[in-house]
Amino acid sequence: MSEIIRVAVSGAAGRVGQEVVRAVSRENGMELVGAVDVHNIGKDAGEVVGVAPLGVEIGNDLRQMLRETGAQVVVDFTSPRAVFDNARTAIEQGVHPVIGTTGMSTGERLELQELARQAGVGGLIAPNFAIGAVLMIRFAETAASYFPAVEIIELHHDQKLDAPSGTALKTAEVIAAKRGDHRPSMIEETIKLEGTRGGEFAQGIRVHSVRLPGLVAHQEVIFGGLGQTLTIRHDSLSRESYMPGVLLAVRRVIGSKELVYGLDNLMFEQA
Ligand code: NAP
C-alpha cells in the first residue's frame with residue numbers, strides 16, 4: 001500500500017486555499033498536516049472552511065509549520081507579494097512546492113527553479129490548475145501553426161491583483177514559440193482610447209484583461225484566418241475546478257527533483 005502524502009496549505013483561509021483544505025482533507029491517500037495564513041490564526045482549518053474540525057490549527061509562520069509537521073508537499077495560493085519567499089522557504093526545508101499563486105516575475109521563477117535544482121527538490125508552478133485550461137493551451141498551440149493571427153481575452157473576478165493572468169501569458173508564450181517569426185499587420189491604427197487594443201505580448205499577439213464581479217476565471221483564444229475564425233474558450237465556473245489539477249500535482253511532485261512550470265508537464269509526461 002502506498003504511503004499517505006503529508007500536505008500543508010499556505011493561504012489556507014483564502015478563496016482557493018479553502019478549497020484546497022477541503023479537497024485534501026477528503027482525498028484518499030493524503031493528509032492535511034498544516035495550514036498557514038495571515039487571517040484566522042489559531043482557528044481550526046476545518047472550521048474556517050466549513051467542514052468538521054480537522055485538528056489542524058492555522059498558523060502564521062510557514063517555516064515553523066513545515067518543520068513541526070513534517071509536510072512533504074506545500075500548496076501555495078497566497079499573494080504575489082508572498083509567494084517567492086514562501087517557495088524559497090519550502091525548497092530550503094526540502095518540501096515540494098505546488099504553487100498556484102500568480103504574479104511572480106520570470107526572473108523570480110528562474111531563480112526558484114535553480115534553487116530547487118541545487119536542492120534536488122521538485123515541485124510545480126502552475127498559472128492554471130484547471131485541466132480544461134491546460135487543454136485549451138494545448139489546442140491553441142496546435143491551431144497556431146494554421147492561424148497566425150490571434151488575440152487573447154482573459155476575464156476574471158474583480159479581486160484579482162495581477163493582469164494579465166498567468167494563463168494568458170502562458171498561452172501567448174506557447175503560441176509565439178509555435179508559430180515562430182510572424183509579422184503582425186502593419187496597418188497604422190488610430191487609438192482613440194488608450195489601452196483599447198490591449199497589451200502586446202510579442203509579434204502582434206494582443207492580450208485583453210476584463211475584471212468584473214460575478215466572473216471566476218475565463219479565457220478566449222480567438223484565431224483569425226481567411227474567411228474564418230476559430231475560438232477556443234475555457235470557463236472555470238467555480239474554484240473547485242482547480243482541485244483535480246492540484247491533487248494530481250500533489251501526487252506527482254513527490255519524488256521529483258525539478259521545479260517545473262505548467263501543469264502540462266505533469267499531465268502529459270506519460271502521454
Ligand atoms: P485570496 O482569497 O486573497 O487568498 C489568499 C490568502 O493568502 C489570503 O487569505 C491572504 O491574506 C493570504 N496570504 C497573503 N500573504 C500570505 C502569506 N505570506 N502567508 C500566508 N498567507 C498569506 O486569493 P485567491 O483568490 O485564493 O488567490 C490566491 C492566488 O492564487 C492569486 O495569486 C490568484 O491569482 C491565484 N490563483 C491561481 C489559480 C491557478 O489555477 N494557478 C487559480 C485561482 C487563483 P490577505 O488577503 O491579507 O493578502
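Just so you know, ligand 1 is whichever comes first in the structure, and atom 1 is the first atom listed for that ligand.
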Checklist line | Side-chain donor/acceptor of Glu108 to backbone N/O of Ser105, under 3.5 Å | finding: yes
Next item on the list: Give the residue, atom name and distance (to 0.1 Å) of the protein heavy atom nearest atom 9 (O) of ligand 1.
Entry: Asp37 OD1, 2.9 Å
Check: Going by the order shown, which atoms of ligand 1 are within less than 4.0 Å of some heavy atom of Ala82?
Finding: 15 (N), 16 (C), 17 (C), 18 (N)
Next item on the list: Give yes or no for whether the N/O distance cutoff of 3.5 Å, strictly under, is met between Ala130 and ligand 1.
Entry: no
Next item on the list: Going by heavy-atom distance to atom 31 (C) of ligand 1, choose the closest among Val16, Leu161, Leu62, Thr78.
Entry: Thr78
Item checked: Check: Gly100 N/O within less than 3.5 Å of ligand 1 N/O -> yes
Checklist line | For Lys160, atoms of ligand 1 separated by under 4.0 Å from a heavy atom | finding: 34 (O)
Checklist line | Interatomic distance, Gln113 atom CD to Glu258 atom CD [nearest 0.5 angstrom] | finding: 7.5 Å
Checklist line | Gap separating the CZ atom of Phe129 from the CG atom of Leu248, nearest 0.5 angstrom | finding: 9.5 Å
Note to self: At under 4.0 Å between heavy atoms, is it the side chain or the backbone of Ser236 that contacts ligand 1, or both, or neither?
What the structure shows: neither
Item checked: Polar side-chain atom of Asp37 near backbone of Ala12 as donor-acceptor pair, under 3.5 Å -> yes
Notebook entry, point to check: Using heavy atoms and a threshold below 4.0 Å, how should the contact between Gln159 and ligand 1 be classified: side chain, backbone, both, or neither?
Noted result: neither
Notebook entry, point to check: What do we get for Tyr242 next to ligand 1 when only non-hydrogen atoms under 4.0 Å count, side chain, backbone, both or neither?
Noted result: side chain
Margin query: Test your reading of the structure: does Arg15 have an N or O sitting under 3.5 Å from an N or O of ligand 1?
Written below: yes
Notebook entry, point to check: Counting from 1, what ligand 1 atoms have a heavy atom of Asn128 closer than 4.0 Å?
Noted result: 39 (C), 40 (O), 41 (N)
Margin query: Give me the residue, atom name and distance of the protein heavy atom closest to atom 34 (O) of ligand 1.
Written below: Thr102 OG1, 2.8 Å
Margin query: I need the nearest protein heavy-atom contact for atom 4 (O) of ligand 1: residue, atom name and distance, please.
Written below: Gly14 CA, 3.2 Å
Checklist line | atom 30 (O) of ligand 1: nearest protein contact (heavy atom, Å) | finding: Phe77 CD2, 3.4 Å
Item checked: Ile175 side, atom CD1; Thr142 side, atom OG1 - distance, nearest 0.5 Å -> 10.5 Å
Next item on the list: Supply the atom-to-atom distance Leu112 CG to Asp85 CG, rounded to the nearest 0.5 angstrom.
Entry: 9.5 Å
Next item on the list: Answer with side chain, backbone, both or neither: which part of His39 has a heavy atom less than 4.0 angstrom from an atom of ligand 1?
Entry: side chain
Notebook entry, point to check: Do Gln219 and Thr171 meet the criterion of a side-chain donor-acceptor pair at a distance under 3.5 Å?
Noted result: yes
Notebook entry, point to check: Got the closest protein heavy atom to atom 40 (O) of ligand 1, with its distance?
Noted result: Phe129 N, 2.8 Å
Checklist line | Sidechain-backbone polar pair: Asp235 side chain, His218 backbone, donor-acceptor under 3.5 Å | finding: no
Next item on the list: Check Asn60, Val49, Ile58 against Asn40 for a side-chain contact (heavy atoms from CB on, under 4.5 Å) and give me the one that passes.
Entry: Ile58
Next item on the list: Considering heavy atoms of the protein only, find what lies nearest to atom 48 (O) of ligand 1 and give residue, atom and distance to 0.1 Å.
Entry: Arg81 NH2, 4.2 Å
Checklist line | Protein heavy-atom partner closest to atom 11 (O) of ligand 1 - residue, atom, separation in Å | finding: Val38 CG2, 3.1 Å
Next item on the list: Would you mind telling me if ligand 1 is within reach of the side chain of Ala126, the backbone, both or neither, using heavy atoms under 4.0 Å?
Entry: backbone
Check: Of the protein's non-hydrogen atoms, which lies at the shortest distance from atom 39 (C) of ligand 1, and what is that distance?
Finding: Pro127 O, 3.5 Å
Check: Do any N/O atoms on Ser79 end up under 3.5 angstrom from N/O atoms on ligand 1?
Finding: no
Margin query: Using the rule side-chain contact (heavy atoms from CB on, under 4.5 Å), only one of Thr167, Asp264, Asn128 pairs with Ile137; which is it?
Written below: Thr167
Next item on the list: Identify whether the distance between the nearest side-chain nitrogen and carboxylate oxygen of Glu92 and Arg63 falls below 4.0 Å.
Entry: yes
Margin query: Do the side chains of Glu173 and Lys170 get close enough for a salt bridge, i.e. N-O under 4.0 angstrom?
Written below: no
Notebook entry, point to check: Any Lys/Arg nitrogen of Asp162 or Lys160 sitting under 4.0 Å from an Asp/Glu carboxylate oxygen of the other?
Noted result: yes
